[in-house]
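Any value given below was found using the heavy atoms of this structure, including those in side chains, with hydrogens, waters and symmetry copies removed. Here is how names work: the chains are called A, B, and so on, in the same order as the sequence lines, proteins then strands, and each is numbered from 1.
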Amino acid sequence: MRILQLHCDSIEYMPTKKEIQSAEEIEPKKIRIEEVIVCFTAVEKDDDSKIAKNAISEIQESMKKVGCDKLLLYPYAHLSSTLASPGTGLKILKEMEESCTGINVMRAPFGWTKTFSIKVKGHPLAESSKVFSNDQPKDQSKEKTSTALESESKIKSYWYVLTPDGKMEEVEKFNFSNHKQLEVLAKYESAKKRHVDEPPPHVNLMKKLAIADYEPASDSGNMRFYPNGRLIKSQIEQYVTDKIRDYGGVEVETPIMYDSHHPSMESYFNRFPARQYSIDSEGKHLFLRFAACFGQFLMASDFQLSYKNLPYKLYELTRYSFRREQSGELVGLRRLRAFTMPDCHAFCKDMQQAIDEFRKRFDLSREVLSGLGIEENDYEVGIRFTEDFYNENKELINEMVSKVGKPVLVEMWKEKFFYFVLKWEFNFVDNLGKASALSTDQIDVENAQRYNITFTNEKNEQQNPIILHNSPSGAVERVIYALLEKFAKQAKEGKRPQFPLWLAPTQVRLIPLKDDFLEFTSKLAEKLTEQNVRVDIDDRNDTINKRIRDAEKEWISYVLVIGEKEVNSPSLSVRDRATGDVRQLSIEDFIKEIKDTTNGKPISKLNSAILLSQRPQIMV
RNA sequence: GCUCCGAUAGCUCAGCCUGGUAGAGCGUUACAUUGGUAAUGUAAAGGUCGUGGGUUCAGAUCCCGCUCGGAGCUCCA
């Protein structure tokens, strides 16, 4: 229980509005009291009757000293962040009121927003604050917080905005009027307040498009992916993997759980700011990985590395990485407790090589996002570094900002606090003004030593490499979230959103006008399937209009009605979702158009029955 | 994590304030209908009203706990 006790000439308050549903039933009227001790009181989680009595006896004692016999108990939540439930709060306050003896006690109503004006006396004992709690403090929960989590809140950083022409301006002084999204990232001015409680638009879309959904039988933040979602996710995974292999990444696979008492693990475990899942098994205390670092570092430390092998790039797509994020932060696909993370580490012989590699990965990440349909004006860039690193590498950082071509947010640390000296990330800003990181890269100068990763240098000595940690796309689930949020925004602007063709679960839908044309339609479907086009057939007994409407609701790019006309002519009637118009195309031209649009992207077969009549309805 | 809000048919929701027979649209199934680019017609099936307790002659409805979801957390008694 926390109390702010004030000896006042007068206080005047007026209940204006019920703050919570369980607010006390009272007649709201203005109250004025003269010559009174006002106790602003916050009832906290573990408070009980004993604490209430202690508090009152201490308050009464101090009232004797100042010679005042009027007490006002004033519920005041803002004193504490670990409040009791409203029911308990009210009960305890009532107990305090009742246990007063020989004084005139009053209580301001609970659960109401109140205006108040107050005149506090000027003597030394007029103001005091008090904290009451049970003797044995409950510290067990705190013990487990990693040191990184605790010290992260203490770390001192300086915020700037760096412009493409190389000007670094303090964030408070920067004019954000043409850079609203960056402003959201800088949290300099919080996003517009929403009057209606509404989930972010992608949550509705992920269900309507039968992509993903919550799984109540698992832990929060562990999603189920329906056939459509699995196909989209699989395509993104394959695309990012292809791009990283092209860049030179070597793909490996490592375990998802580790022994937290393994010597290499203990210090990193405490240093990384994440809350982890743990599993006890046969006397071992295991934890689920929150990144691919563990497996790759343990693997690399067993390799015989020469400077001639460097830079050496290990890559893994984690399905899954686990982080036990605070439950209040989990919404839809934005932030999860189990997620799929492409993670590419580069082991470099020295800082110069690390910086050269860093440049390549910056370009790679921009290219990957663009290939996924997330363009430069969809994200804002944050760059973080130590002051020393900046002074020695101004050119590199200015070069990155000029590539981005717009101002970026900068965080500078006076000294190295984390294991890295430079880090950047691309942040997607969504429809509700929330920023989330997608791609990122870091220059790590610590972990090689921690994991005993060494290479033999030119002088035949053992040396620790510098390690880069890059995810060119960010979590795959978060990429889907960003795409869906982007589509929702387009829909709001009256556009017709659709997935890039290579990501669409169905690329072409065929609708036979009546059963007589089903055979011709099936043959056409076969031809398209041979050309790696994902095509399905709506053979359900519904009207043409109805089936077209359903195809549009599924955001299918191409819809072909097959009837008399098509059977008797070489051309197809292709309805294009982008325009809503019907075009006449030969089958060759149609296939060419699809191939041109999906060129360079992974290929995947249809992930559902080809006939719609054979599919269960997943989402309406 | 904390505070508040919500949970009724597969989906979206009404009913709850003021306790007394479980509702609609979409979807599903059956039958009719064989159509030319965003909703064909008729009928039927489908719900221990999230879960556990309490108050009551009687609870979807009122009260309390729990689970799951949402919003806010610089704003909250």
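- Note: Lys514(A) NZ to Ile562(A) CD1 = 14.5 Å, rounded to the nearest 0.5 Å.
- Here, G20(B) and C2(B) have their P atoms 36 Å apart, quoted to the whole Å.
- Summarising the geometry, the separation between OH on Tyr226(A) and P on C11(B) is reported as 9 Å, rounded to the nearest angstrom.
- Look at CD1 on Ile511(A): it is 11 Å from C1' on G36(B), rounded to the nearest Å.
- Regarding contacts with the backbone of U37(B), every side-chain N or O of Lys565(A) stays at 4.0 angstrom or more from both OP1 and OP2.
- Between Tyr76(A) and Ile544(A), the residue whose closest nucleotide on RNA chain B is further toward the 5' end is Ile544(A).
- Across every strand in view, A60(B) sits unpaired, with no contact that passes the Watson-Crick or G-U test at under 3.5 angstrom.
- Here the side chain of Asn541(A) is nearest to one of G27(B), A32(B), A38(B), namely A32(B).
- Atom name C1', nucleotides G59(B) and U18(B): the rounded distance is 14 Å, in whole Å.
- For U55(B) and C63(B), the P atoms lie 15 Å apart once the distance is rounded to whole Å.
- The main-chain N or O of Ala437(A) is found under 3.5 Å from a side-chain atom of Arg478(A) such that the two form a donor-acceptor pair.
- Counting heavy atoms from C-beta outward, Phe225(A) and Glu477(A) have side chains that approach closer than 4.5 Å.
- For Tyr76(A) and Phe40(A), the ring centers sit closer than 6.0 Å to each other.
- Relative to the side chain of Glu566(A), the nucleotides U37(B), G36(B), U33(B) differ in distance, and G36(B) lies closest.
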What nitrogen or oxygen pairs link the protein and nucleotides 49-52 of chain B at under 3.5 Å?
none

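- Note: CZ (Arg549(A)) to C1' (U37(B)) measures 14 Å, nearest angstrom.
- Atom P of U28(B) sits at a distance of 29 Å from the matching atom of G69(B), rounded to the whole Å.
- Checked against the 6.0 Å centroid threshold, Phe590(A) and Tyr558(A) count as a close aromatic pair.
- Distances were taken from every side-chain heavy atom of Asn545(A) (C-beta onward) to each of G36(B), A38(B), C11(B); the shortest belongs to A38(B).
- For Gln507(A) (side chain) and Arg534(A) (main-chain N/O), a donor-acceptor pair under 3.5 Å exists by modelled atom type.
- Here U37(B) presents its P atom at 15 Å from CD1 of Ile562(A), a figure rounded to the nearest Å.
- Of the candidates U40(B), U28(B), U37(B), the closest approach to any side-chain atom of Gln617(A) belongs to U28(B).
- Atom P of nucleotide U3(B) and atom CZ of Phe110(A) are separated by 11 Å, given to the nearest angstrom.
- Counting only distance, with no hydrogens or angles, the side chain of Asp542(A) and the backbone of Lys546(A) share no donor-acceptor pair below 3.5 Å.
- G54(B) and G10(B) have their C1' atoms separated by 33 Å, with the value rounded to a whole Å.
- You'll find the side chain of Val582(A) stays beyond 4.5 Å of the side chain of Val574(A), heavy atoms only.
- The backbone N or O of Val508(A) sits nowhere less than 3.5 Å from a side-chain atom of Thr506(A) that would complete a donor-acceptor pair.
- Side chain of Arg575(A), nearest nucleotide from U40(B), A38(B), G36(B): A38(B).
- Base-pair partner of U37(B): not found among the strands shown (Watson-Crick or G-U wobble, both distances under 3.5 Å).
- Between Arg577(A) and U37(B), a side-chain N or O to OP1/OP2 separation shorter than 4.0 Å is absent.
- Base pairing annotation: U28(B) forms a Watson-Crick or G-U wobble pair with A44(B), both donor-acceptor distances under 3.5 Å.
- Taking the C1' atom of each, A9(B) and G47(B) are spaced 5 Å apart, rounded to whole Å.
- Under 4.0 angstrom from either OP1 or OP2 of G27(B) there lies at least one side-chain N or O belonging to Lys546(A).
- Rounded to whole Å, the C1' atom of C57(B) lies 23 Å from the corresponding atom of G52(B).
- Ser220(A) has its side chain out of reach of Tyr214(A): every pair of non-hydrogen atoms, C-beta onward, lies at least 4.5 Å apart.
- Using a 4.0 Å cut-off between charged side-chain N and carboxylate O, Glu329(A) and Arg334(A) make no salt bridge.
- Taking a 4.0 Å limit (strictly below) on heavy-atom distances, residues 328-336 of chain A reaches RNA chain B at Gly328(A), Leu330(A), Val331(A), Gly332(A).
- On the C1' atoms, G25(B) is 28 Å away from A71(B), given to the nearest whole Å.
- Using a 4.0 Å heavy-atom criterion, one finds that Arg496(A) contacts the bases of the nucleic acid, with or without backbone contacts as well.
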